[in-house]
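Here is the structure we will look at, set down as structure tokens.
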Amino acid sequence: MNTTNWETVVGLEVHVQLKTKTKMFCGCANAYGAPPNTLTCPVCTGQPGALPVANRQAFSLAMRFGHAVEATIARSTKFDRKNYFYPDLPKGYQISQSDQPITSGGHVVLESGKAINLVRAHLEEDAGKTFHESPGFSEVDLNRCGIPLLEIVSAPDLRSPEEAYEYLTRLKLLLRHLEVSDCDMEKGSLRCDVNVSVRKLGAAQFGTRCELKNLNSFKSVERAIAAEALRHIAVIESGGTIEAETRLWDDEKGETRLMRKKETSQDYRYFPDPDLPRHEIAEAWIDEVRRTMPELPEARRARYKRDFGLSDYDSGVLVQDTSISRYFEEVSAACGDPKAAANWISADLFGLMNVKNEGLLAANIPAGRLAELIGLVKSGSMNVPSARKVLGAMYGNGRDPKELMNELGLGQVSDRDGLIEIVKRALAANPKAAEDMKQGKGKAAGAIVGFVMKESKGRANPAVVNEILAELLQD
Amino acid sequence: MNAFPPVPEMVAAVRSKRVAPDHFVTESLRRLEQHGGTLGAVLSLTKERAQADLAPLSARLAGGEDLPLAGVPIAIKDNICVRGTTTTCGSRILESYRPPYDATAVERLVRAGAVIVAKTNLDEFAMGSSTENSAFFPAKNPWDLARVPGGSSGGSASVVAAALVPAALGSETGGSVRQPAAFTGIAGLKPTYGRVSRYGLVAFGSSLDQIGTFARTAADAALIHAVIAGRDPRDATSSDHPVEPNQARSMDLKGLRVGIPKEGHDSAIDARIRARLSATQERLLAAGAVIRELSLPHAKYAIPTYYIVATAEASSNLARHDGMHCGVAAPPEKDLLHQYLRNRAQGFGAEVTRRILLGTFCLSSGYYDAYYERAMRVRSLLARDYRAAFEQVDVLLGPTTPTPAFKHGEKTSDPLQMYLADVLTAGANLAGVPALSIRAGHLTEGGSELPIGLQLTGPAWSENLLFRVGAAIESYWPEADRLPPFVRSQA
């Protein structure tokens, strides 16, 4: 099959849960992981007679996102009801925004400089979660019911699975940075529906698109788009036509399969929710949100490179998340060495976190402690390999690095008298190397220093060893 | 049996300890138990709840709490949530539903010292004008047990008219308080939209629904209304417009501008009711009021507009009664769709089903613009008619209903005839303005004395004015103080 003269066209609908204190329309906590049906009240369980009241913080977060992507923020907006029956939807309708979203337009810029346009982003409420694990009946957990969602709809501007992947990665970085959403796909705080079509290169019109569901990671989004595009090309090239369908991605088989045809799609009977008056959004509120915006990731990255001389890689890693940036800046300020702080965090600390697949919180090393550790290396109290061991011992408990260094016997030996003895033994044990060194062959020093390190269990201060070596060889 | 004393006298008696705190509550429960069944007016007595709210009353009084309704028994329409008691909405589907919370209006009554004694019968989900659509049994009019008490708040009207309780809450979407008040000869208020919190009122047409008050007189209704009115943070459509202190005294009518919509003198309206309206105009004129005839040009569209807006909203509001979360479920079906179909087919009566279907149609893709959109536009024209009228006059006066109470079964076979019972009331709901029905004496039909109701409508937030003018009009017809014959003969 020849795919070279085909173009893939992708648009994404991304739902993110907003990091508000309370749910979209009631005072229940917006939290993950509580026992089933404990974060509920008459409003979010849809009790007869209960009424919704819109959450102001959700508007602020949506506007913050709008500012960051340079979208137009609605001055007046409303909520509508989307009517359908499902057991995870106790009211029998979802409160959403149909024709007047909170933000319109905007764009996300890819590394290449290409701008992916956004159509809109609107506020709505999440549904509950159904479980079909018990034989004979299904269960529903309404804790998630009523959690605020922002649905971000991109234009069909993406042209490859890789672009879709990058768009998602950038969107997630931005939303996390803005503290608008955790964007954790595993916990369901980011969900993604994908619209895919193909067309001949240079064609003016889009092909018929299919919507893909059940995408559980950015990687599966990328793979699903690639597989679906190939399916479209194969169908068209063999003389068939693509029908508008909703399809499910099977991650194991690496293929999509039919869920439902679009022509049988439901009529949601949208109408303005009479329980919620129109929301007029004052300029002062929009300005206030703009003034209190966190620094955007790209701006922060540029600042790290410019002011601290960090590498592309380090600066990129450190702006992934506001909590990481904040941590880096604290360590950096406390130890006075941004480069060292960046190194220790991006290489060593992240290494430990990756092994355990944990976050900064679980690592539990206060910024001040990491700064002390860096200080111990800089002052020569400990060499780098020992410091790595101490960091490992601090992980998860945040203990004092100096204490640990002493406890583990990892303090650097700078004591001349003790070291002279070891260096002498090293010279005696390596007569050939000693001779070479006298001849000025600097490379031979490696064997000698290696011996000293081995003898001192890695604790000898290399600077002091080199000093002693130079003195002894001069004699 | 005598009527309860006026509410202020009851409260004074309790506060001054001339009677025990439970005096009127006990008497009311006794009457409800004895006669509630005959009237088909009561769905449940809330004795346990009444005991629970009575228990702290003495201590609260002793503690110096200001309790404007201390010891006053009140009945609540069964579509308003009272924690721990069944709230059926007159429907099989909610037959066993016990809300875990109090409606804001109920909470405020209890806080003011009132005691909830009964949940009253209604047309299923408040859809009807005769209380014959109750899934349980029809309610009766105490003036003639062969006649309806009106609806949908027929149970509340019936128990107040029969002096089983001094006051009750009802709800209005399109006349459901005023029409039964007129049919049973008591006062019934539909407040300004947003004046009383809807939190805990099981929704029918959310943009029209308001909780309303029934009492024997405008003055008593004013007292109850003052307690439940005001902004509620749990209802986004409730208003923070200040609540004026209650001053329900009849007033000097000199210079009051009273508008008489020409629709009120339409020949379709019972001649005896029109005559009573004319007589009332004469009395007002004599008291110094200025009478002006005027017209609300879009009033003739009120019924079709109302039946589109109300049914559209109802089709969505009633979706939650699906037998899945709350509500009675049918036996297991083969799949989810059939389970929903069966639960709802089994749970809802004919009128509710009809209105859900009508409303679903009106909101459907391709019909929304022709029906709901257009109805909302007509609605704003009607609201403009009222605003224009209130630039010329202070209040409007007209009949509440085209006829006196009709007989059971008289209109049940013709839904359209039944819908027309709301022809004079639906306008105030669509425009969101307050309206009060007050008793204006009786007429005699088929050997029965039947009450006549007149309706006062005012601009938004003018409830106090309506109560004061209403009290004046009530005083023109002193014979209206009489209790229904059914009650007079009882112990």
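Convention: sequence-line order gives letters A, B, ...; per-chain numbering from 1. Side-chain atoms are counted along with the backbone in the values below, which use heavy atoms only and exclude waters and symmetry mates. Being a predicted model, the structure only gives us computed values, none of them experimental.
- When each of B:Pro332, B:Ala203, B:Ser364, B:Ser315 is checked for heavy-atom pairs under 4.5 Å with chain A, B:Ser364 comes out on top.
- The heavy-atom pair separating B:Ser316 from A:Asn83 by the smallest distance is OG-OD1, 2.8 Å.
- Counting non-hydrogen atoms of other residues, nucleotides and ligands closer than 6.0 Å to CZ of A:Arg209 gives a total of 12 or fewer.
- Looking at every heavy atom in both residues, B:Glu313 comes nearest to A:Arg81 through O-NH1, 4.3 Å.
- A:Arg269 has its side chain out of reach of B:Tyr368: every pair of non-hydrogen atoms, C-beta onward, lies at least 4.5 Å apart.
- Here the side chain of A:Tyr93 pairs no donor or acceptor atom with the backbone of B:Asn317 at under 3.5 angstrom.
- Each of A:Pro42, A:Ser138, A:Gly92 has some count of heavy-atom pairs under 4.5 Å with chain B, and the biggest count is that of A:Pro42.
- Judged by distance alone, the side chain of B:His325 and the main-chain N or O of A:Asp88 form no donor-acceptor pair under 3.5 Å.
- To the nearest 0.5 Å, atoms CE (B:Met324) and CG (A:Leu89) are separated by 12.0 Å.
- The OH atom of A:Tyr86 sits 6.5 Å away from the CG atom of B:Leu336 when rounded to the nearest 0.5 Å.
- Within a 6.0 Å radius of CZ in A:Phe85, other residues, nucleotides and ligands contribute more than 12 heavy atoms.
- The environment of B:Arg231 atom CZ is dense: over 12 non-hydrogen atoms of other residues, nucleotides or ligands sit within 6.0 angstrom.
- Between B:Tyr372 and A:Phe271, the ring planes are perpendicular. Angles over 60° get that label, and only those under 30° would be called parallel.
- If you check the side chains of A:Asp267 and B:Ser365, you find no donor sitting under 3.5 Å from an acceptor.
- Among all heavy-atom pairs drawn from A:Pro274 and B:Thr237, the shortest one is O-CG2, 3.5 Å.
- Only the side chain of B:Tyr97 comes within contact range of chain A, with at least one heavy atom under 4.5 Å from a heavy atom of that chain.
- Residue contact with chain B, scored on non-hydrogen atoms closer than 4.5 Å, involves the backbone of A:Tyr270 exclusively.
- Looking at every heavy atom in both residues, A:Gln47 comes nearest to B:Arg320 through O-NH1, 2.9 Å.
- At a 4.5 Å heavy-atom cutoff, the contact between B:Thr360 and chain A is made by backbone and side-chain atoms alike.
- No more than 12 heavy atoms of other residues, nucleotides or ligands lie within 6.0 Å of CZ in B:Arg384, so this atom counts as exposed by the packing criterion.
- Against chain A, the residues from residues 194-202 of chain B that qualify, each with a non-hydrogen atom under 4.5 angstrom away, are B:Arg198, B:Tyr199, B:Gly200, B:Leu201, B:Val202 in number order.
- When each of B:Pro99, B:Pro100, B:Gly366 is scored by its heavy-atom pairs under 4.5 Å with chain A, the top score falls to B:Pro100.
- Note: A:Leu51 leads A:Leu51, A:Leu142, A:Val43 in heavy-atom pairs under 4.5 Å with chain B.
- Here the closest heavy-atom approach between residue B:Ala236 and residue A:Pro277 is recorded as O-CG, 3.3 Å.
- At a 4.5 Å heavy-atom cutoff, B:Phe204 makes no contact with chain A through either its backbone or its side chain.
- Crowding of A:Gln205 atom CD: a count of heavy atoms from other residues, nucleotides or ligands under 6.0 Å not exceeding 12.
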